[in-house]
Amino acid sequence: QVQLVESGGGLVQAGGSLRLSCAPSGRTVNGYGMGWFRQAPGKEGELVAAISRSGGTTYYADSIKGRFTISTDNAKNTVFLQMNSLKPEDPAVYYCAAGFTTDSYTPMFEPALYDNWGQGTQVTVSS
C-alpha cells in the first residue's frame, strides 16, 4: 500500500490556474500508473488525467483536454496536475490515485485498477 497526500487545492477565479500535487508518503511510486480523478456533488466520479508507469504516455478526459497537464518529477516522488483556464464546471474534490502495473506504456483508465487513493483536495472556481 502507498499512502498518497494531495495538496494545492483552493479557491480560484474562473480562468485562473491551480497546481495539484500528490506525494507518496515514505516511498516512491515507481512501478505505478498514476491518475487524477474528480468527484463533484451530484455527479459521477470522473477520470481527469492519467499517466503511464513510464511517464511517457498520458490520457486526458475531453472535458479538460488542452487545459490540464499531468506530470511527474524525475524520481516519481510527486505527481502534478497543472490546471489552467479553470471553468465553473471544474469544481470538485480531486483525488490522486496509484495502481501497480507491469505495463510501462499504457495509462490506466478504470478506477478499479487503482488500489491506492489520496484523501482528496477541494477545488472551487468562482465566476
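Across all non-hydrogen atoms, the minimal contact from G120 to E6 is N-OE1, 2.6 Å. Of all the heavy atoms in S52 and P107, the pair that sits closest is CB-N, 4.0 Å. The heavy-atom pair separating C22 from M34 by the smallest distance is SG-CE, 4.3 Å. Shown here for D103 and R53, the closest heavy-atom pair between the two residues is O-CB, 3.6 Å. The two residues D115 and G99 have their closest heavy-atom pair at OD1-CA, 3.7 Å. The shortest non-hydrogen separation linking L47 to W36 is CD1-O, 3.6 Å.
Hydrophobic clustering places F100 together with V79 (ILVMFWY residues linked when any side-chain heavy atoms are closer than 4.5 Å, directly or through intermediates). Under the 4.5 Å side-chain heavy-atom criterion for ILVMFWY residues, a single connected hydrophobic cluster contains both M83 and I51.
Taken to the nearest 0.5 Å, the CD atom of Q13 stands 9.5 Å off from the OG atom of S127. Atom SG of C96 sits about 9.5 Å away from atom CG of L20, to the nearest 0.5 Å. One distance of note links OG1 of T58 with CZ of F68; it measures 14.0 Å at 0.5 Å rounding. If you take CZ on F80 and OG1 on T72, they are separated by 8.5 Å, rounding to the nearest 0.5 Å. The distance from the CG atom of L81 to the CZ atom of R38 is 9.5 Å, given to the nearest 0.5 Å.
Counting only residues at least two apart or on different chains, the ring pair (Phe, Tyr, Trp, His ring centres under 6.0 Å) pairs with a member in residues 106-127 are F37-Y114, F37-W117, Y59-F109.
Residue E89 qualifies as enclosed at atom CD: its count of foreign heavy atoms under 6.0 Å is above 12.
Every residue meeting the side-chain hydrogen bond (donor to acceptor under 3.5 Å, both in side chains) condition with Q82, not counting sequence neighbours, appears here in chain and number order: N84. Every residue was checked against the side-chain hydrogen bond (donor to acceptor under 3.5 Å, both in side chains) condition with K43, not counting sequence neighbours, and none meets it. When the side chain to side chain contact (heavy atoms under 4.5 Å, CB included) test is applied to V2, the partners found at least two apart in sequence or on another chain are L4, P24, R27, V29, Y32, N116. Considering only residues two or more places apart in sequence or on other chains, S85 meets the side-chain hydrogen bond (donor to acceptor under 3.5 Å, both in side chains) condition with none of them. Residues meeting the salt bridge (charged side-chain N to carboxylate O under 4.0 Å, His left out) test with R67, sequence neighbours left out: D90.
A distance-only check finds no donor-acceptor pair linking the side chain of T57 to the backbone of T106 [under 3.5 Å].
Each of Y95, Y94, Y60 was evaluated against V48; a single residue qualifies, Y94, per the side chain to side chain contact (heavy atoms under 4.5 Å, CB included) test. Among S7, S71, S21, the one residue that satisfies the side chain to side chain contact (heavy atoms under 4.5 Å, CB included) test with T78 is S21.
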